[in-house]
Amino acid sequence: MDKIVIRGGNPLHGTIPICGAKNAALPLMAAALLSDEPLRLSNLPHLADISTMAHLLGDMGVSIAMDGDAQDGGHMGRVFVLDASGLKSTTAPYELVRRMRASILVLGPLLARHGHARVSLPGGCAIGTRPVDLHLKALQTMGAQIELSEGYIEAHAPNGLSGGHVLFSNITVGGTENILMAATLAKGETIIANAAREPEVIDLAHCLVSMGAKIEGIGTDTLRVQGVDKLHGAKHAVVVDRIEMGSYAVAAAVTGGDVLLKGGRADLIESVINVMRGAGVEITEEPGGVRVRHKKSAILGFDAMTEPYPGFPTDMQAQMMVLASVAEGASMLTETIFENRFMHVPELVRMGANINVHGRSAIVRGVPKLSGAQVMATDLRASSSLVLAGLVAEGETVVNRVYHLDRGYERLEEKLAACGAEIERVRGEG
Ligand code: EPZ
């Protein structure tokens, strides 16, 4: 298995291009199942999860033409043309769902357009139990018959789905996306209340509208969808990745650097920017993106609590803990979305951080320096926090289990090395 080796201490200077968002791209790819005309998606990142979704859709009979890389909406990214006209299977097998939970996003579109879907139940994952009960309950409200059998969700709607009033008891990003896609082809009106408002949900809604869907309330917590008989093909550029942007913002700040996040949009991570500014980091919007600068003065301790959008994102909690680890004074980071998202803590402690976890909160007492160590993490954002810690630590840090990073960060080591970081990937076996 590959490793990332970092010798910390170099301030980052330069430009980092920000990719299209993985978490927008995955539901957008699933949306291709809603039409028998081609969906052209541009600004897709080169990531393992995108390949897994392509594999899943390809096995179902979706043809995917890769159109190389193209400049679209000011971004450079991969282009896929997905054509689900020759669909031959409505099954998402265990082997792929186990690898990527977002495979569950094919459930709503398959059921809406084909009246049947067989999708492996995703198991628990490193950050929490992550059930899909809210997705299933909402589809039942829309008339689906659902059974769980041999580890699979067997869903049927032989006469199509019907509109209904879906009230999510908890805000769920994937649940909102699944039901939004399903509702576009349901009979009548679907109201989705307590809907997630993440930029990735909004991006999906805009793409669906350009495919002919009738959706009102985009960007609010109540989505009203008038079902249509058919969706058509469309072209859509994936929104920029706010979490990749936030992660490199922390990299610039924590190393005392000056980096332009090219193509970045400050409006997508206002909650993170507010906390970073409060900690003394200088963040400005520029024509080409967002510039993050931090002078030699100390970072001030801060508090942050994860919440659904527009609150502070859970996907930035681990990275911000690195900033807190080298800040002056104490910080508190509270995780309210997932029940087990502090796995990076013991690894950061091995690098010299002073962190105590009390229930859902981590108290971080800033230390003057971190020191390099062998570390590994069990999920994507935890792994990226270890890279950030390695950039600021004295000596050598070796981050193992790099495949987690490859799921969510395109060319991470190249982007950081281009800004002066001493970082390399060491290829391993297996
Ligand atoms: C999405 O996961 C993201 N993944 C996650 O990004 C992100 O952390 C999460 O939203 C929260 O922002 C993708 O978009 C592919 P949820 P999702 O449904 O949709 C509970 C990353 O690092 N819940 O909003 O699976 C659930 O257990 C990842 O890129 C139920 O109880 O998240 C969690 O506690 C990791 N029942 C909370 O709701 C359900 O049926 C929010 O989960 C569904 C969710």
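Indexing begins at 1, ligand by ligand and atom by atom, following the structure's order. None of these values were measured; they are calculated from a predicted model. Heavy-atom basis, side chains included; hydrogens, waters and symmetry copies ignored.
Not counting sequence neighbours, the partners of Asp315 by the salt bridge (charged side-chain N to carboxylate O under 4.0 Å, His left out) test are Arg341. Residues satisfying the ring-ring contact (aromatic ring centres under 6.0 Å, His included) test with His156, not counting sequence neighbours, are His116.
Contacts between Thr314 and ligand 1 below 4.0 angstrom, taking non-hydrogen atoms only, involve the side chain exclusively.
Heavy-atom neighbours of Arg118 CZ from other residues, nucleotides or ligands within 6.0 Å: above the threshold of 12.
Among the atoms of Asn170, none of the N or O lies under 3.5 angstrom from an N or O of ligand 1. Between Ile127 and ligand 1, not a single N/O pair is under 3.5 Å apart. An N or O contact shorter than 3.5 Å links Arg381 to ligand 1 by distance. The N/O atoms of Val173, backbone and side chain alike, include one that comes under 3.5 Å of an N/O atom in ligand 1. Checked against a 3.5 angstrom limit, the closest N/O atoms of Leu134 and ligand 1 fall inside it. Taking distance alone, with nitrogen or oxygen atoms compared against 3.5 Å, Asp315 approaches ligand 1 more closely than that limit. Ligand 1 has no nitrogen or oxygen under 3.5 angstrom from a nitrogen or oxygen of Leu380.
When the options Gly174, Ser103, Pro122, Ala138 are ranked by their closest heavy atom to atom 19 (O) of ligand 1, first place goes to Gly174.
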